[in-house]
Each structure stands twice: as C-alpha cells, then as structure tokens.
2 protein chains.
Amino acid sequence: MILNKTTEYSLAVLGYMAVSQDDIFSAEFLHHELKIPRRYLRKLLTDLSKLGFILSTKGRNGGFAFARPLGEINLAAIIKTVEGSELMESCILGHQSCKEEQPCVMHETWLEAKTKMLEALSNTTLHDLRERKKAKSD
Amino acid sequence: MILNKTTEYSLAVLGYMAVSQDDIFSAEFLHHELKIPRRYLRKLLTDLSKLGFILSTKGRNGGFAFARPLGEINLAAIIKTVEGSELMESCILGHQSCKEEQPCVMHETWLEAKTKMLEALSNTTLHDLRERKKAKSD
DNA sequence: ATAAAATACCACCTTTTTGTAGCATATAAA
DNA sequence: TTTATATGCTACAAAAAGGTGGTATTTTAT
C-alpha cells in the first residue's frame with residue numbers, strides 16, 4: 001500500500017474541484033461525479049474543511065469551495081496533512097530511534113527515495129493541475 | 001500511510017539478515033532481535049520463503065537463509081513482491097482507466113513521484129546494505 | 001528410539017480503516 | 001413562514017490488516 005483510501009479520496013476531490021469551472025460543489029454532486037461513497041465523502045469533506053483546504057456553506061445553495069488560492073496547495077501538503085505527516089519523519093523499518101546519528105540500515109536509501117518522491121509532489125500545486133487541464137483542452 | 005506493517009517487517013527481516021554475519025536464522029532469534037510479534041513473524045517468514053527470497057530448513061538446527069545472492073535482491077523488488085505489485089501500476093486516484101492515453105489529472109506528477117522513489121529503492125540491493133555496514137564498522 | 005527444536009497449518013481474536021444510518025442544524029428560495 | 005436542500009454530529013456496522021493459540025509435522029542431536 002502506498003496511500004490509504006482516505007488520502008486517495010482527498011486527492012480526487014481536491015483535484016476534481018481544481019480543474020473544474022465551478023467554484024462551489026455540493027457533497028451530493030461530488031459523490032455522483034467521483035463515485036465516492038455518499039456518507040463517507042460527506043465526512044471527508046467536513047474533515048477537509050477542518051484541515052483548512054476548503055470551507056463549507058450550509059443551506060439551500062450551499063456546498064464546498066476552496067479556502068485558499070490554488071497555487072498555495074501542493075500535492076505533498078495534501079497527503080501530509082490528511083495522513084498526519086507521518087510521512088517525512090518515519091523510518092522505513094518503523095524504528096523510533098532511527099535518526100541521522102543512529103540510522104537504520106536502510107536509512108540512507110529510504111531518505112533519498114521519499115525525498116525524491118516528495119519533491120515531485122510538492123512541485124505540483126492545484127493551480128498547476130488547472131493550467132495543465134486548460135492547455136490540453138486548447 | 002506509505003507502507004503497511006507487513007512490508008515494513010519484511011524489509012526489517014531481510015535487511016537484518018543481509019548485514020549480519022550468520023547465514024541461517026531461526027524465527028525465534030529474529031523475533032528476539034527485531035521485536036516483531038512471534039507468531040506473526042513466523043507466518044511472514046513462511047510467506048517470504050514462498051515468495052522466493054529465503055528458504056527454510058526444518059529440524060533441530062533449522063531456520064531461514066537467503067535463497068538467492070544478495071546482489072539480486074533490491075529494496076523495490078521486496079516491496080513490490082510483498083505488496084503484490086500494486087505499486088508501479090496504480091493510479092494515485094485509484095482509477096482503473098487511468099493510462100497514458102487517458103490519464104487522470106495527477107497522472108503525470110504521480111508517475112514522476114513514484115518513478116523517482118522506485119529508482120532510489122531499486123538502486124539499493126541487500127548486498128549494498130552489507131557493504132555499507134562493513135564500511136562503517138571499519 | 002526419543003526428545004528437543006524448528007517450521008507448517010488452521011482457526012480465531014483484536015484493532016484499524018472504511019462505509020452506513022439517523023437525526024439535528026443551518027440557510028435561502030418560494 | 002414554510003419547505004427544500006445543504007452540512008454537522010454521533011454512533012454503529014462491515015471489511016481488512018494485524019496479531020494470537022493450539023496442534024501437527026519434520027529433522028537432528030543425543
């Protein structure tokens with residue numbers, strides 16, 4: 001496993017919202033578009049708003065919209081925030097004591113692997129996704 | 001989550017065996033050294049031998065030893081094999097239909113991220129770990 | 001032969017993750 | 001002010017992952 005379902009869903013939701021023309025999305029609409037289980041999605045959207053990515057509007061024409069400029073949100077940040085940032089710090093072998101001074105046998109390789117991966121993910125913001133989408137449809 | 005416990009344990013076991021001087025290891029010994037739950041470890045070792053990384057010897061002085069030269073086993077291969085290789089192929093959004101021709105919005109970035117990560121992991125074999133360990137203790 | 005020390009198999013328990021249900025609350029259109 | 005359509009909260013159910021236990025089987029030192 002690389003990412004769990006919840007993280008996958010989070011990326012799918014925010015990615016979809018980013019490349020879409022609309023700017024407010026109801027849970028029901030996103031459920032229909034993304035095939036994420038209705039109730040689970042609603043809870044996830046609530047969580048994402050608590051985490052500061054989106055904000056919710058209640059009432060008849062309510063829904064969810066981005067809380068911050070798209071350029072400020074990169075993919076690594078989404079993953080780290082949703083998963084609770086056990087990403088950068090964690091040792092591949094799960095050792096508590098694995099640090100630079102007293103590294104595990106795989107420390108060096110794992111550090112390089114995750115650094116490279118996170119570099120790629122931090123280099124892409126939701127704004128970038130939107131631009132790419134635009135470029136394609138031209 | 002990046003890797004699940006089972007994968008973490010697999011890397012810990014094979015990594016430990018690789019850098020150690022011995023060449024046969026009982027489950028009980030590995031349990032003691034690595035603090036992996038006794039029974040779970042035994043099942044895991046059975047699995048790892050079915051997957052072809054190690055081979056088991058029954059009986060009084062039995063245990064587990066590598067089935068192949070250390071230089072042939074790299075870290076990416078361990079992860080892929082243990083996790084069932086949903087690693088390279090998988091779409092970050094979990095889409096079945098996500099391919100080069102019809103990519104999801106994050107396809108490009110995700111491909112780069114996982115490629116970079118797997119590059120680093122495939123570049124390190126168990127033999128490399130052993131050499132690094134030796135170099136340090138000199 | 002026999003007992004010790006190892007793996008192998010099968011079923012079950014616990015914890016975490018994922019998914020569901022009901023009801024409460026808020027808001028805007030009519 | 002009523003009603004339709006949203007989200008919010010709390011608790012629970014199902015599935016997957018992680019972990020345990022008992023017993024059988026294999027092998028080798030004694």
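None of the values given here were measured: they were computed from a predicted structure. Protein chains get the first letters and strands the later ones, always in sequence-line order, with residue 1 at the start of each. Note: hydrogens, waters and symmetry copies are ignored here, and every other heavy atom, side chains too, is used.
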Once you round it to whole Å, what is the distance between C1' of D:dG18 and CG of B:Asp47?
13 Å

Under 4.0 Å from any atom of DNA chain C, heavy atoms only: list the residues of residues 17-33 of chain A that qualify, in numerical order.
none

In terms of hydrophobic clusters joined by side-chain contacts under 4.5 Å, are A:Leu45 and A:Leu51 together?
yes

Look at A:Tyr9 and C:dT18 and indicate whether a side-chain polar atom (N or O) is within less than 4.0 Å of OP1 or OP2.
no

Between B:Glu28 and B:Arg38 (salt bridge meaning N to carboxylate O under 4.0 Å), is one present in this structure?
yes

In whole Å, I'd like the distance from the CG atom of B:Leu55 to the C1' atom of C:dA6.
15 Å

Connected via hydrophobic side-chain network under 4.5 Å: B:Leu70 and B:Ile24
no

Separation of atom CD1 in B:Ile36 from atom P in D:dT20, rounded to whole Å
12 Å

Can you check each nucleotide of nucleotides 20-30 of chain C against protein heavy atoms at under 4.0 Å and return B for base, S for sugar-phosphate only, - for none, in 5' to 3' order?
BBB--BBBBS-

Grab the two heavy atoms, one from A:Leu129 and one from A:Gly15, that are nearest each other, plus how far apart they are.
CD1-CA, 4.3 Å

For B:Phe64 versus B:Met17, what's the shortest heavy-atom pair and its separation?
O-CE, 3.7 Å

Is it true that B:Leu48 and B:Leu55 fall in one hydrophobic cluster, defined by side-chain heavy atoms closer than 4.5 Å?
no

Check this one for me: any side-chain N or O of B:Thr6 less than 4.0 Å away from OP1 or OP2 of D:dA17?
no

For B:Arg68, give me all partners under side-chain contact (heavy atoms from CB on, under 4.5 Å), at least two apart in sequence or on another chain.
B:Phe53, B:Glu72, B:Ile73

Taken to the nearest whole Å, CG/B:Leu34 to C1'/D:dG19 is 17 Å

Contact class for A:Ser49 vs. all strands (heavy atom < 4.0 Å): base, sugar-phosphate, or nothing?
nothing

Round to the nearest Å and state the distance from A:Lys5 atom NZ to D:dA15 atom P.
15 Å

What's the CG-P distance between B:Leu44 and C:dA8, to the nearest Å?
12 Å

Salt bridge between A:Glu131 and A:Lys134, side-chain N to carboxylate O under 4.0 Å?
yes

Interatomic distance, A:Leu45 CG vs D:dC9 P [rounded to whole Å]:
13 Å

Phosphate oxygens OP1/OP2 of D:dT7: is one of them under 4.0 Å from a side-chain N or O of A:Ser56?
no

Check: A:Tyr16 main-chain N/O paired with A:Ser20 side-chain donor or acceptor under 3.5 Å
no

